[in-house]
Amino acid sequence: RGVFEGIFQDMPPPKSDIVHLYYMVTLGFYSSATVFLLWLDTSRSDFNEFVLHHFVTLGLVTASYLCGYVRCGIALMALHDVGDVFLYLAETFHYLGLAGVDTAVFAVFAVTFYCTRLVLLPRIAYALHVDAFKVMTADATYNDWARNFETSFKHLAFFSLLIDIL
């Protein structure tokens, strides 16, 4: 059994108010960050990649909510949010001129980034691609909704977008 097989039980899961709120806050944050990036921020050498990253993120968040992959979506958003806190803190300390503090916080970010995005994120991506089909095919009556073409297509499209951010 895969580590994340529980993510795919009782699909699609019910969407509680707190899940809805977390998705709306995340969509609001990335929407405002995209608007800021496009119209207010200074253009940098990685501008195109950064814009693509924001649009892919908005697409992934929206697709995971609409397709019913809220457990996977929350896990992925939480992995990204943990590291972002330290990155923004390090950037703030750098702009405040607090040398040493910014470096220490950035070191915490680097460790967090390694753990969340280079260790856990690929595991969840694997679970989305492989464990989901293992769970669905283990029982002939499991998740009949996931056996039709439309949902399988959404699953593959969501996974393809996820690969884009790796």
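The figures here come from the full heavy-atom set of this structure, side chains too, leaving out hydrogens, waters and symmetry mates. Just so you know, residue 1 is the first one in the sequence shown, and it goes up from there.
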Hydrophobic clusters here meaning ILVMFWY residues chained together by side-chain heavy-atom distances under 4.5 Å, can you tell me if [X] and [Y] are in one?
X     : Y      : answer
Leu89 : Leu96  : yes
Val35 : Val51  : yes
Met77 : Val119 : no
Met24 : Val61  : yes
Val85 : Val111 : no

| Crowded around Phe50 CZ? As in, over 12 foreign heavy atoms under 6.0 Å? | no
| field | Enclosure of His54 NE2 (heavy-atom neighbours >12, cutoff 6.0 Å) | value | yes
| request: Over all heavy atoms of both residues, which pair between Ser64 and Gly73 is shortest? Give the atoms and the distance, please. | output: OG-CA, 3.9 Å
Could you check whether any side-chain heavy atom of [X] comes within less than 4.5 Å of a side-chain heavy atom of [Y], counting everything from C-beta outward?
X     : Y      : value
Asp81 : Tyr22  : yes
Leu76 : Leu121 : yes
Phe47 : Leu38  : yes
Leu27 : Leu58  : yes

Approximate separation, where rounding is to 0.5 Å, of [X] [atom1] and [Y] [atom2]:
X      : Y      : atom1 : atom2 : value
Phe55  : Ser31  : CZ    : OG    : 9.0 Å
Leu118 : Thr112 : CG    : OG1   : 11.5 Å
Tyr23  : Ile74  : OH    : CD1   : 5.5 Å
Leu60  : His80  : CG    : NE2   : 9.0 Å

| field | Side-chain donor or acceptor of Asp84 paired with backbone N/O of Val82 under 3.5 Å | value | no
| request: Only pairs at least two apart or in different chains count here, so list each ring-ring contact (aromatic ring centres under 6.0 Å, His included) that has a residue in residues 97-121. | output: Phe106-Phe109, Phe109-Phe113
| request: Please work out which of the three classes, parallel, tilted or perpendicular, describes the rings of His53 and Tyr30, given edges at 30° and 60°. | output: perpendicular
